[in-house]
There are 2 protein chains.
Amino acid sequence: MALGDSTRLAIVKVLAERPRAVGELAAELPVSRPAVSQHLKVLKDAGLVTERTAGTRRIYRLNPAGVAALRDQLETFWNRALANYADAVDDAEEIP
Amino acid sequence: MALGDSTRLAIVKVLAERPRAVGELAAELPVSRPAVSQHLKVLKDAGLVTERTAGTRRIYRLNPAGVAALRDQLETFWNRALANYADAVDDAEEIP
DNA sequence: ACGAACGGTAAGCTTTGACTTACCGACGAG
DNA sequence: CTCGTCGGTAAGTCAAAGCTTACCGTTCGT
């Protein structure tokens with residue numbers, strides 16, 4: 001999972017507020033700028049962020065499509081898990 | 001995140017079908033039984049699974065409360081992220 | 001009571017991957 | 001044209017954590 005790393009999760013949370021340049025992100029996080037760059041590459045490959053060039057700066061923002069896709073994926077998983085649990089309750093409640 | 005590891009995610013997916021004993025889980029995964037035990041400890045501490053003793057066997061199942069809690073937590077995050085994106089669209093669409 | 005099955009724990013190894021420093025190319029300002 | 005800013009990439013280091021083997025306690029069947 002692309003959000004498995006805590007730094008990456010922090011980046012996503014910051015970008016959830018508003019788009020940022022790489023240097024801005026690094027300034028708000030306890031890691032160096034290259035580290036942020038590497039994390040952004042992972043997040044971009046995962047489709048969770050998009051990049052926009054503005055002069056010498058690269059503005060990164062969340063990709064709503066990627067975020068929604070991940071959300072839906074998890075949503076179906078939750079539903080299936082909770083549905084199967086409802087069936088399993090029968091076994092547990094045989095003798096109250 | 002407790003689901004950051006792929007093996008742990010696989011365990012959760014298997015448990016989403018139906019509860020299993022530790023040995024059963026290990027039989028369906030490409031790792032040893034002790035490895036499964038260690039992952040189950042993490043998942044239990046995270047509140048995602050519960051344990052029930054049945055003779056010499058330990059039956060593990062998903063904890064719907066923990067699953068729902070994580071779901072809600074992510075849900076609020078998605079909503080906030082997508083809401084902020086709607087605001088940011090204004091900047092991008094200034095000059096079509 | 002004894003043996004087998006089940007599973008948790010400890011110890012150690014190994015590997016993954018996150019981080020830093022160093023370097024280089026791209027772009028804009030002067 | 002040149003300098004400063006911004007940021008991606010490479011190389012190397014290091015610590016976190018996942019996996020295995022070995023061991024032990026617990027429980028059930030015979």
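Any value given below was found using the heavy atoms of this structure, including those in side chains, with hydrogens, waters and symmetry copies removed. Lettering follows sequence order; numbering is per chain, from 1.
- The closest donor-acceptor contact from the side chain of A/Gln38 to the backbone of A/Ala35 lies at 3.5 Å or more, if one exists at all.
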Close N/O contacts between protein and nucleotides 1-6 of chain C (under 3.5 Å):
unit_1, atom_1, unit_2, atom_2, d
C/dC6, O4', B/Thr56, OG1, 3.4

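- The heavy-atom pair separating A/Leu62 from A/Ala16 by the smallest distance is CD1-CA, 3.8 Å.
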Going by atom type alone, with no hydrogens or angles, which donor-acceptor pairs under 3.5 Å involve a side-chain atom of residues 40-51 of chain B and a protein atom two or more places apart or on another chain?
unit_1, atom_1, unit_2, atom_2, d
B/Lys44, NZ, B/Glu51, OE1, 2.6
B/Glu51, OE2, B/Arg58, NH1, 2.7

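- The distance between atom CD of B/Gln38 and atom P of D/dT20, rounded to the nearest whole Å, is 9 Å.
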Would you tabulate the side-chain donor-acceptor contacts of residues 66-73 of chain B under 3.5 Å, counting partners in other chains and residues two or more places apart, or write 'none'?
none

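- Residues from residues 43-53 of chain B lying near DNA chain D, meaning a heavy-atom separation below 4.0 Å, are absent.
- The phosphate of D/dA17 (OP1 or OP2) has no side-chain N or O of B/His39 nearer than 4.0 angstrom.
- Taking atom OH of B/Tyr60 as the reference point, atom P of C/dG7 lies 9 Å away to the nearest angstrom.
- We find the CZ-CG distance between A/Phe77 and B/Leu9 to be 7.0 Å, quoted to the nearest 0.5 Å.
- Atom CH2 in A/Trp78 sits 6.0 Å away from atom CG in B/Leu74 (nearest 0.5 Å).
- We find the NE2-OG1 distance between B/His39 and B/Thr7 to be 4.5 Å, quoted to the nearest 0.5 Å.
- Of all nucleotides listed (D/dT20, C/dA22, C/dG8), C/dA22 comes nearest to the side chain of A/Pro34.
- Checking D/dA22, C/dC19, D/dT9 against the side-chain heavy atoms of A/Ala35 singles out C/dC19 as nearest.
- Rounded to an integer number of Å, the gap from A/Leu29 CG to C/dA18 P is 14 Å.
- At a threshold of 4.5 Å between side-chain heavy atoms, the hydrophobic network of Ile, Leu, Val, Met, Phe, Trp and Tyr places B/Val36 and B/Ile59 in two separate groups.
- Applying a 4.0 Å cut-off to non-hydrogen atoms, the residues of residues 1-10 of chain A that approach DNA chain C are A/Asp5, A/Thr7, A/Arg8, listed by residue number.
- Looking at A/Asn84, its side chain never comes within 3.5 Å of a backbone N or O of B/Arg18 through a donor-acceptor pair.
- Residue B/Ser32 places at least one side-chain N or O closer than 4.0 Å to OP1 or OP2 of D/dT20.
- A/Leu25 has its CG atom 12 Å from the C1' atom of D/dG7, to the nearest Å.
- Distance check, rounded to the nearest 0.5 Å: CG of B/Asn63 to CG of B/Leu15 gives 11.5 Å.
- Annotation: salt bridge (charged side-chain N to carboxylate O under 4.0 Å, His left out) contacts involving residues 5-17 of chain A, sequence neighbours excluded, comprise A/Glu17-A/Arg20.
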